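As structure tokens, the structure follows; a few thoughts come after it.
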Amino acid sequence: MGETGRGQEGLGILLLVGSAVAFSTAGYFTRLIPVDVWTLLFWRGIFAGLFVMGVLVWQHGADAWRSIPAMGLPGLAVTLLSSSGMIFFIQALRHTSVADVAIVYAAAPFVTAGIAWLWLRERPSRGILIASAIAFVGVVVMMGGAFRLGNVLGDLFALAMTLSLSLIMVVLRRHGDRPMTASAGLSPLLTALMVLPLATPAQVGAIDLWHLALFGVLQNGIGLLLITWGTKMLPAAQGALIGALDAPLAPVWVWLAFNEIPPTLTLVGGVIVMLAVLGHLLGDRRSPVATATDTR
């Protein structure tokens with residue numbers, strides 16, 4: 001891999017690590033803001049969407065609107081998948097345990113690798129698969145091995161959420177030449193529209209509204225921007241593996257903000273996930289993908 005390729009890979013890693021950090025603050029904000037989940041999703045979507053569309057205008061000025069038709073069907077697919085993935089996530093949490101959802105979601109690198117191989121002929125390296133397996137074990141440890149059979153509907157929602165994320169990463173990778181920032185702005189706005197019938201946005205106070213604005217911008221808006229930009233620069237499976245950093249980082253913010261010391265298994269599992277991801281990023285400096293057929 002040349003210097004340009006190395007530089008792009010490094011930038012992609014930084015962007016996706018940043019997105020994982022941003023997304024990991026969701027638990028902190030949901031604990032901080034005492035409103036129902038649908039109202040929270042509504043306002044988060046509004047603020048995130050406006051922020052991302054503001055970035056789009058800052059980038060392109062009066063021509064920003066041209067980015068929407070330019071993203072084409074791939075951009076529309078990313079928008080719909082992102083919005084539906086969030087709804088699947090909430091429904092999964094309503095029908096099964098947090099442990100079930102987290103463990104199903106931890107399979108995302110494998111699901112992404114399978115889709116990328118079938119569609120793009122993008123084969124993940126052995127290092128990525130090993131690191132993904134170790135990270136999966138880490139998540140199981142974090143959850144205390146609490147996965148339970150029987151919550152079929154909730155587990156199906158969690159699987160649908162995972163599949164949505166995996167498809168997003170593969171579509172972004174496949175259509176890296178498309179301007180996708182608009183899709184990152186439209187998806188939270190679409191989510192807000194979808195949950196509006198169940199939300200009560202007018203009943204939110206000024207302080208909570210300020211916190212919701214921070215939630216939308218810092219967690220959802222920045223997270224969506226960074227994952228949209230970074231995924232284009234890396235193999236899809238590697239991007240999903242880096243996203244696993246969300247799991248060990250999430251309890252850290254709650255610990256720091258609310259002085260809730262995580263259980264020992266959460267700490268041990270989190271260290272396993274961190275070591276798996278960081279070990280791969282630091283140790284595997286070879287090209288992580290062998291592409292049998294270039295379909296682009």
Side-chain angles (χ1 to χ4, degrees), residues 1-20 23 72-75 77-78 81-82 85 102-140 158-178 180 183 226-248 272-296:
M1 183 183 295
E3 291 298 323
T4 301
R6 286 294 186 191
Q8 186 179 58
E9 179 187 13
L11 178 58
I13 290 171
L14 288 175
L15 291 172
L16 288 178
V17 169
S19 74
F23 286 141
L73 289 178
V78 170
L81 285 168
S82 180
I103 293 172
V104 171
Y105 178 65
F110 302 105
V111 177
T112 304
I115 296 173
W117 180 77
L118 290 172
W119 187 0
L120 309 181
R121 290 295 183 263
E122 186 175 81
R123 295 196 300 268
S125 70
R126 181 179 300 176
I128 289 177
L129 293 178
I130 292 174
S132 298
I134 295 173
F136 181 84
V137 171
V139 173
V140 173
L159 181 61
M161 173 200 69
T162 303
L163 182 60
S164 297
L165 173 70
S166 297
L167 285 170
I168 287 170
M169 302 199 82
V170 175
V171 171
L172 288 172
R173 175 69 171 167
R174 172 65 179 84
H175 298 280
D177 57 332
R178 298 266 186 166
M180 291 292 193
S183 68
L226 296 181
I227 198 172
T228 299
W229 295 339
T231 299
K232 298 180 179 183
M233 304 177 186
L234 296 174
Q238 187 178 18
L241 170 62
I242 295 172
L245 288 172
D246 180 347
I272 293 173
V273 175
M274 294 284 288
L275 290 176
V277 178
L278 296 179
H280 167 71
L281 295 180
L282 294 175
D284 188 2
R285 301 307 299 165
R286 297 169 300 173
S287 177
V289 168
T291 305
T293 305
D294 191 347
T295 59
R296 285 173 289 175

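Keep in mind the model is a prediction, meaning the values are calculated, not measured. Position 1 is the first residue of the sequence, and the numbers go up from there.
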Checklist entry - Any donor-acceptor pair under 3.5 Å linking the side chain of R173 with the backbone of T231? => result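 Looks like no, no N/O pair under 3.5 Å.
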Checklist entry - Backbone N or O of L16 within a donor-acceptor pair of the S19 side chain at under 3.5 Å? => result yes
Nearest-0.5 Å distance that lies between atom [atom1] in [X] and atom [atom2] in [Y]:
{"X": "I13", "Y": "Q8", "atom1": "CD1", "atom2": "CD", "value": "11.0 Å"}
{"X": "K232", "Y": "D177", "atom1": "NZ", "atom2": "CG", "value": "8.0 Å"}
{"X": "L241", "Y": "F110", "atom1": "CG", "atom2": "CZ", "value": "9.0 Å"}
{"X": "I227", "Y": "F23", "atom1": "CD1", "atom2": "CZ", "value": "5.0 Å"}
{"X": "L14", "Y": "L281", "atom1": "CG", "atom2": "CG", "value": "10.0 Å"}

Contact summary for [X] and [Y], nearest pair of heavy atoms:
{"X": "T112", "Y": "A240", "value": "OG1-CB, 3.6 Å"}
{"X": "P248", "Y": "A244", "value": "CD-O, 3.2 Å"}
{"X": "V139", "Y": "V273", "value": "N-CG2, 3.7 Å"}
{"X": "M180", "Y": "H175", "value": "CE-CB, 4.1 Å"}
{"X": "P124", "Y": "A237", "value": "CB-CB, 4.0 Å"}
{"X": "L165", "Y": "A108", "value": "CD2-CB, 4.2 Å"}

Do [X] and [Y] have side chains that approach each other closer than 4.5 Å (heavy atoms only, starting at C-beta)?
{"X": "I128", "Y": "P109", "answer": "no"}
{"X": "S125", "Y": "Q238", "answer": "no"}
{"X": "L275", "Y": "I134", "answer": "no"}
{"X": "W119", "Y": "V171", "answer": "yes"}
{"X": "L11", "Y": "E9", "answer": "no"}
{"X": "L234", "Y": "I242", "answer": "yes"}

Next on the checklist: Please determine whether the number of non-hydrogen atoms from other residues, nucleotides or ligands lying under 6.0 Å from atom CG of L118 exceeds 12.
Outcome noted: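 Yes, enclosed.
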